[in-house]
Amino acid sequence: MNYAEAEKLLKSCGQEHVLAYWKKLAKDERRDLLAQVAALDPKSLKRCAAALKTGGDTFDSSKGTAPKVAELAGAERAKAVAAGEKELRAGRVAALLVAGGQGSRLGYDGPKGCYSIGPITGAPLFYFHARKILARTIRYGAPIPFYVMTSEANDAATQRCFEENDFFGLNPKDVFFFTQGMWPGMTKEGKIILDAPGHVFMSPDGHGGLLAALKRSGALDDMKARGIKSVFFFQVDNPLVEIADPAFIGYHVLQKSEYSLKLCAKRDPFEKVGMPMQFGSSYRMVEYSEMTKEQCLRKAGKNLYFRYGSPAIHVFDRAFLAREAAKAMPLHLAFKKIPFVEDGALIKPTEPNGYKFEKFIFDILPNAKRAAFLAFEPKDEFSPVKNAEGSDSPATCQADLQAKWAKWLAAIGVKVPKGIPIEIDPVYALDATDLQKVGLALGSE
């Protein structure tokens, strides 16, 4: 793209001020700015500016009802596990990790997935995810391709982490990295913000940007070529997650669902999690901020009526993702403090001054022809690493990991003294049954 082409594109959407400092820019700064402009989509820019006038996509949750949430047990669980194992053995399951965040809130300079969480080895978050996938691959004799969505900020460092650790034992051919999209920040008036004379302020487009990124990168085509039917989605900060859990995969398949969600009981009525609600024949994820106090406190017997929240553990039908990737997703606005240039000087505001635009993956839930919801025990599968201290911190996560492993050991008659650290490689054992098998094998030698 040259200057004339950039000027024409920007004028078409009222953003020609992006070139205001052109004459003062060095050659490399001009090149980089033109590259940024070339990546801008006029249609999307106009949509963002229009969203500022309407306040983005809002929703009235007052008519929502609680959906049916399954709790698998006994024969029903066995049936789901058998169906899930069939899919895994046939190689029809993929794992999809959202890993675009940095570890800045943890005081770590790098991708959050590289953050050390192993209680003994100090292994990173990526280690536990990759080793679980490898363990399932070994158990079922078929590859589980691993799609990792990074961001522009951490893509190189993430790939380097995998390379330096020999992909944690996975076949590199089965690991697919791709980056999420970036959108420019805007003022209240809908003008693109420059954070340097020759640079547009950009921010990630949210986990909902996953769909466009999957399509743009060729990941969706790769899934189709591999014969993938079910895509297990999870986030990088939760090392307790049971990746490609056969029961969940099987339940999803048996229900002929296009979008299935694992849900856990909220810790309190006002916990900041999204909650699925039913509206007629369709479903929608409702943010805690969209609910009234009365809705949050509503009871159904001894439990909350809207009891279950979403920790972002999903299974998608691959064809459903492909269908939704061709559509425009709803926009969500976030009013933030964004550095900006004024008269050529950089100003760092002390109050919010601009908007970031995000897309949320659960906004495609209403479009699913069939959806399914499965309850799980959070102590077994959910302990995110979000804060440096306090709740949802490395300390609480490591404690939950060790409690889970100690529970497995206790199930086979091994009691671990209090204070003794535990760490189990997922390839060594994915559950107590695996530990029992290993113990029997060792005992027979």
Side-chain angles (χ1 to χ4, degrees), residues 1-58 100-102 104 150-155 179-213 215-216 327-360 363:
M1 173 174 277
N2 57 37
Y3 178 86
E5 292 170 332
E7 185 179 43
K8 181 179 179 180
L9 184 151
L10 292 167
K11 280 186 175 181
S12 71
C13 47
Q15 303 289 349
E16 56 267 32
H17 67 283
V18 170
L19 299 174
Y21 301 101
W22 180 263
K23 293 181 180 180
K24 298 180 180 180
L25 301 179
K27 185 176 181 180
D28 59 337
E29 291 175 321
R30 290 183 175 184
R31 181 195 63 234
D32 293 345
L33 181 57
L34 288 177
Q36 277 196 303
V37 173
L40 297 176
D41 173 31
K43 185 177 179 180
S44 295
L45 293 178
K46 291 177 181 178
R47 186 171 173 231
C48 289
L52 291 172
K53 296 179 180 179
T54 62
D57 293 284
T58 57
Q102 294 289 89
S104 53
T150 64
S151 64
E152 287 186 4
N154 74 8
D155 181 68
T179 58
Q180 70 185 115
M182 303 285 285
W183 278 8
M186 287 186 174
T187 64
K188 296 178 182 178
E189 295 73 33
K191 296 297 182 180
I192 288 175
I193 295 174
L194 296 176
D195 58 3
H199 190 269
V200 174
F201 172 84
M202 304 289 287
S203 64
D205 59 0
H207 48 67
L210 164 73
L211 295 179
K215 182 178 180 180
R216 183 176 60 249
K327 304 176 183 178
M329 293 189 69
L331 293 179
H332 297 266
L333 311 183
F335 194 38
K336 299 289 186 178
K337 291 183 286 187
I338 300 176
F340 64 97
V341 172
E342 187 172 88
D343 297 328
L346 178 64
I347 296 175
K348 295 183 178 180
T350 57
E351 299 292 336
N353 65 305
Y355 288 90
K356 295 180 180 180
F357 301 87
E358 294 181 300
K359 295 178 283 187
F360 299 154
D363 280 335

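Each residue takes its place number in the sequence, starting with 1.
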Q: Surrounding NZ of K23 (heavy atoms of other residues, nucleotides or ligands, distance under 6.0 Å), is the total greater than 12?
A: no
Q: So which heavy atom on Q180 is nearest to which on G206, and how close?
A: NE2-O, 3.4 Å
Q: Filter on ring-ring contact (aromatic ring centres under 6.0 Å, His included), then keep only pairs touching residues 27-55, sequence neighbours left out; what's left?
A: none
Q: Could you work out, with salt bridge (charged side-chain N to carboxylate O under 4.0 Å, His left out) as the rule, every residue matching K348, not counting sequence neighbours?
A: none
Q: What residues form a side chain to side chain donor-acceptor pair (under 3.5 Å) with T179, not counting sequence neighbours?
A: none
Q: Are E5 and L34 side-chain neighbours, meaning at least one heavy-atom pair lies under 4.5 Å?
A: no
Q: Run the side-chain contact (heavy atoms from CB on, under 4.5 Å) test on K359 and L211 for me, step by step, so that the C-alpha distance in whole Å, both residues' side-chain angles and the decisive distance to 0.1 Å come before the verdict.
A: CA-CA 10 Å; K359 295 178 283 187; L211 295 179; over 6 Å; no
Q: Compile the donor-acceptor pairs under 3.5 Å between side chains in residues 186-203 and protein atoms, sequence neighbours left out, one pair per line.
A:
residue	atom	partner	partner atom	Å
T187	OG1	E189	N	3.3
T187	OG1	E189	OE1	3.3
T187	OG1	K191	N	3.2
K191	NZ	G14	O	2.7
D195	OD1	H199	ND1	2.8
H199	NE2	Q36	NE2	3.4

Q: What's the separation between atom NZ in K11 and atom CG in L19, rounded to the nearest 0.5 Å?
A: 9.5 Å
Q: What distance do W183 atom CH2 and C48 atom SG have between them, rounded to the nearest 0.5 Å?
A: 4.5 Å
Q: Restricting to side chain to side chain contact (heavy atoms under 4.5 Å, CB included), what partner residues turn up for K43, sequence neighbours left out?
A: D41
Q: So which atom in G100 and which in S151 form the shortest heavy-atom distance, rounded to 0.1 Å?
A: O-OG, 2.8 Å
Q: Identify, with sequence neighbours excluded, every residue that meets side chain to side chain contact (heavy atoms under 4.5 Å, CB included) alongside D32.
A: none
Q: Only counting residues at least two apart or in another chain, list the ones meeting side chain to side chain contact (heavy atoms under 4.5 Å, CB included) with K24.
A: none
Q: Quick one: ring-ring contact (aromatic ring centres under 6.0 Å, His included) pairs with a partner in residues 336-357, sequence neighbours left out?
A: F335-Y355
Q: Which heavy atom of S12 sits nearest a heavy atom of K46, and at what distance?
A: O-CE, 3.2 Å
Q: CG of L333 to NZ of K356: how many Å apart, nearest 0.5 Å?
A: 13.0 Å
Q: Can you name the residues that form a side chain to side chain contact (heavy atoms under 4.5 Å, CB included) with A26, not counting sequence neighbours?
A: D28, E29
Q: Taking all non-hydrogen atoms of both residues into account, name the closest pair between F360 and H207 and its distance.
A: CA-CE1, 3.4 Å
Q: Locate the shortest heavy-atom distance separating G354 from I338; write the atom from each residue and the value.
A: C-CD1, 3.7 Å
Q: May I ask you to test the L40-Q15 pair for a side-chain heavy-atom distance under 4.5 Å?
A: no
Q: Could you check M182 against D205 for side-chain contact (heavy atoms from CB on, under 4.5 Å), going step by step and ending with a plain yes or no?
A: CA-CA 5 Å; M182 303 285 285; D205 59 0; over 6 Å; no
Q: Hey, could you give me each pair passing ring-ring contact (aromatic ring centres under 6.0 Å, His included) that has a residue in residues 7-27? Not counting sequence neighbours.
A: Y3-W22
Q: Under the side chain to side chain donor-acceptor pair (under 3.5 Å) test, which residues partner K27, sequence neighbours left out?
A: none
